[in-house]
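Throughout, residue positions are numbered sequentially from 1 according to the sequence presented. This one's a predicted model, so the numbers in the text were calculated from it and none came from an experiment.
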Amino acid sequence: MSQSKFDKAVAIVQSLPADGPIQPSQQDQLEFYKYYKQATIGDVNTSRPGMLDFVGKAKWDAWKSVEGTSKEDAQAKYVEKLLAILKQADTEEAKKFIAEIEAA
């Protein structure tokens with residue numbers, strides 16, 4: 001997996017409108033988060049958030065679940081996840097994004 005494909009996939013995920021036709025679920029968003037953090041930072045380097053920070057704990061737990069994954073594997077899984085969502089959406093916009101990733 002190339003760095004350019006990963007960078008393009010990150011740009012696409014960050015540009016998806018909240019009310020657009022391509023809607024990653026909360027679980028999908030957590031997967032993007034954990035693979036992004038693992039690819040850009042590495043293993044978890046913070047303590048687990050407090051008891052009342054439900055979102056923070058979910059994100060931390062997701063990231064912790066991929067501890068030990070290499071940067072390259074995390075990048076590949078991020079791109080694979082986005083491609084799967086885009087293929088499932090099967091819209092013209094999704095097809096355009098797939099072509100952009102594959103060309104990167």
Name each donor-acceptor pair under 3.5 Å that joins a side chain in residues 90-98 to protein atoms two or more places apart or in another chain, with its distance.
residue, atom, partner, partner atom, Å
Thr91, OG1, Ala94, N, 3.0
Lys96, NZ, Glu100, OE2, 3.4

Determine the interplanar angle of the Trp63 and Tyr33 rings, folded into 0 to 90°, and report it as parallel if under 30°, tilted if 30 to 60°, perpendicular if over 60°. perpendicular

Let me check something: any side-chain donor-acceptor pairs from residues 40-62 under 3.5 Å, sequence neighbours excluded? List them with distances.
residue, atom, partner, partner atom, Å
Thr40, OG1, Tyr36, O, 2.8
Asp43, OD1, Gln38, NE2, 2.8
Asp43, OD1, Gly68, N, 2.7
Thr46, OG1, Trp60, NE1, 3.4
Arg48, NE, Asp61, OD1, 2.8
Arg48, NH2, Asp61, OD1, 3.4
Arg48, NH2, Asp61, OD2, 2.8
Asp53, OD1, Gly56, N, 2.8
Lys57, NZ, Met51, O, 3.0
Trp60, NE1, Thr46, O, 3.0

Can you tell if the side chain of Gln3 reaches within under 4.5 Å of the side chain of Lys71, non-hydrogen atoms only? yes

Glu31 side chain to Tyr78 backbone, donor-acceptor under 3.5 Å: no

Transitive ILVMFWY side-chain link Leu30 to Ile12, under 4.5 Å: no

Please find the pair of heavy atoms, one from Pro24 and one from Gln29, that lie closest to each other, and give the distance. O-NE2, 3.2 Å

Acceptor/donor pairs from residues 80-88 side chains to any protein atom, 3.5 angstrom cut, sequence neighbours excluded:
residue, atom, partner, partner atom, Å
Lys81, NZ, Asp28, OD1, 3.0

Do you know the tightest heavy-atom contact between Ala39 and Phe6? CB-CZ, 3.8 Å

Euclidean distance, Gln75 CD relative to Ser4 OG, rounded to 0.5 Å: 9.5 Å

